[in-house]
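Notes for the one structure printed next.
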Amino acid sequence: QVQLVESGGGLVQPGGSLRLSCAASGFTFSRYNMNWYRQAPGKERELVAGGSTYYGDSVKGRFAISRDDAKNTVYLQMNSLKPEDTAVYYCNAQNRVFSTVNYWGKGTLVTVSS
């Protein structure tokens, strides 16, 4: 059974930091690109960070994606958080060969507010 379980969300003040984690199971982790998406209220879901090199313009220089294949886990380090970063953050696994094979987590809420 495929599972992607996000954790680490919560309430943080502007300028603060959070690290999100996504624990994967039920598939061969190394065969998948791991991505982070987010969806803010009333907006479409957007790609925040993907693979090891892609970052959305709004998060470049502030967010960093990393993965630990030994732990089947992907991380999103988020620094200098802004109120506009408030969203539900989703972990996504995309097969490296068959890109239409995708798995999603249920999301974790990040709220940036004073």
Side-chain angles (χ1 to χ4, degrees):
Q1 180 182 0
V2 171
Q3 280 193 312
L4 293 173
V5 181
E6 301 97 336
S7 61
L11 174 64
V12 62
Q13 292 187 342
S17 298
L18 281 176
R19 188 175 82 152
L20 305 183
S21 300
C22 172
S25 60
F27 61 97
T28 305
F29 187 75
S30 61
R31 295 180 182 175
Y32 285 74
N33 286 322
M34 299 302 295
N35 309 301
W36 286 97
Y37 285 76
R38 70 184 180 187
Q39 187 166 19
K43 295 188 176 180
E44 294 187 354
R45 191 173 295 189
E46 64 172 342
L47 178 61
V48 173
S52 59
T53 58
Y54 173 83
Y55 293 96
D57 287 342
S58 61
V59 306
K60 281 180 183 176
R62 300 189 297 121
F63 289 14
I65 187 171
S66 62
R67 62 189 287 163
D68 185 339
D69 284 16
K71 295 183 178 180
N72 286 0
T73 301
V74 61
Y75 304 97
L76 184 68
Q77 178 66 44
M78 305 186 295
N79 300 324
S80 302
L81 283 161
K82 304 175 181 180
E84 51 263 43
D85 294 318
T86 295
V88 177
Y89 284 72
Y90 296 91
C91 177
N92 166 260
Q94 183 181 39
N95 189 279
R96 295 183 195 273
V97 175
F98 304 103
S99 60
T100 56
V101 178
N102 276 268
Y103 304 123
W104 291 90
K106 293 183 178 180
T108 185
L109 176 63
V110 172
T111 303
V112 184
S113 175
S114 54

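Taking Asp69 as the reference, Arg67 meet the salt bridge (Lys or Arg N to Asp or Glu O under 4.0 Å) condition, with sequence neighbours excluded. Here Arg19 pairs with nothing under the side-chain hydrogen bond (donor to acceptor under 3.5 Å, both in side chains) rule; sequence neighbours left out. The salt bridge (Lys or Arg N to Asp or Glu O under 4.0 Å) test applied to Lys60 returns Asp57, not counting sequence neighbours. Here Arg62 pairs with Asp85 under the salt bridge (Lys or Arg N to Asp or Glu O under 4.0 Å) rule; sequence neighbours left out. Looking at residues two or more places apart in sequence or on another chain, you find a side-chain hydrogen bond (donor to acceptor under 3.5 Å, both in side chains) between Ser58 and Arg38.
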Sequence neighbours left out, cut at 3.5 Å: what donor-acceptor pairs do the side chains of residues 22-32 make with other protein atoms?
| from | atom 1 | to | atom 2 | distance (Å) |
| --- | --- | --- | --- | --- |
| Tyr32 | OH | Asn95 | ND2 | 3.4 |

Taking distance alone, no hydrogens or angles, what donor-acceptor pairs closer than 3.5 Å link side-chain atoms of residues 99-114 to residues at least two apart or in another chain?
| from | atom 1 | to | atom 2 | distance (Å) |
| --- | --- | --- | --- | --- |
| Asn102 | OD1 | Asn92 | ND2 | 3.0 |
| Asn102 | ND2 | Ser99 | O | 2.8 |
| Thr108 | OG1 | Gly9 | N | 3.3 |

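Under a hydrophobic clustering in which Ile, Leu, Val, Met, Phe, Trp and Tyr are joined whenever their side-chain heavy atoms come within less than 4.5 Å, directly or via other members, Leu20 and Tyr90 fall into different clusters.
Looking only at side-chain heavy atoms (C-beta outward), Tyr55 and Ile65 come within less than 4.5 Å of each other.
For residues 74-83, the side-chain hydrogen bond (donor to acceptor under 3.5 Å, both in side chains) pairs, not counting sequence neighbours, are Ser17-Asn79, Gln77-Asn79. Identified under the disulfide bond (SG atoms under 2.5 Å apart) test for residues 32-74, with sequence neighbours left out: none. Note on residues 5-18: no pairs pass salt bridge (charged side-chain N to carboxylate O under 4.0 Å, His left out), not counting sequence neighbours.
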Working for side chain to side chain contact (heavy atoms under 4.5 Å, CB included), residues Val88 and Tyr37: CA-CA 8 Å; Val88 177; Tyr37 285 76; over 6 Å; no
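Around CD of Glu44, the count of heavy atoms belonging to other residues, nucleotides or ligands within 6.0 Å does not exceed 12.
The nearest pair of heavy atoms linking Ser21 to Thr73 is CB-CG2, 4.4 Å. Nearest approach of Lys43 to Gln39, heavy atoms of both residues: O-NE2, 3.1 Å. Heavy-atom minimum distance, Val74 versus Cys91: CG1-SG, 3.8 Å.
Grouping Ile, Leu, Val, Met, Phe, Trp and Tyr residues whose side-chain heavy atoms lie under 4.5 Å apart, directly or via other members, leaves Val5 alone, with no other cluster members.
Here Met78 contributes atom CE and Leu18 contributes atom CG; the two are 4.5 Å apart, rounded to the nearest 0.5 Å. The CE atom of Met34 sits 9.0 Å away from atom CG of Asn72, with the distance rounded to the nearest 0.5 Å.
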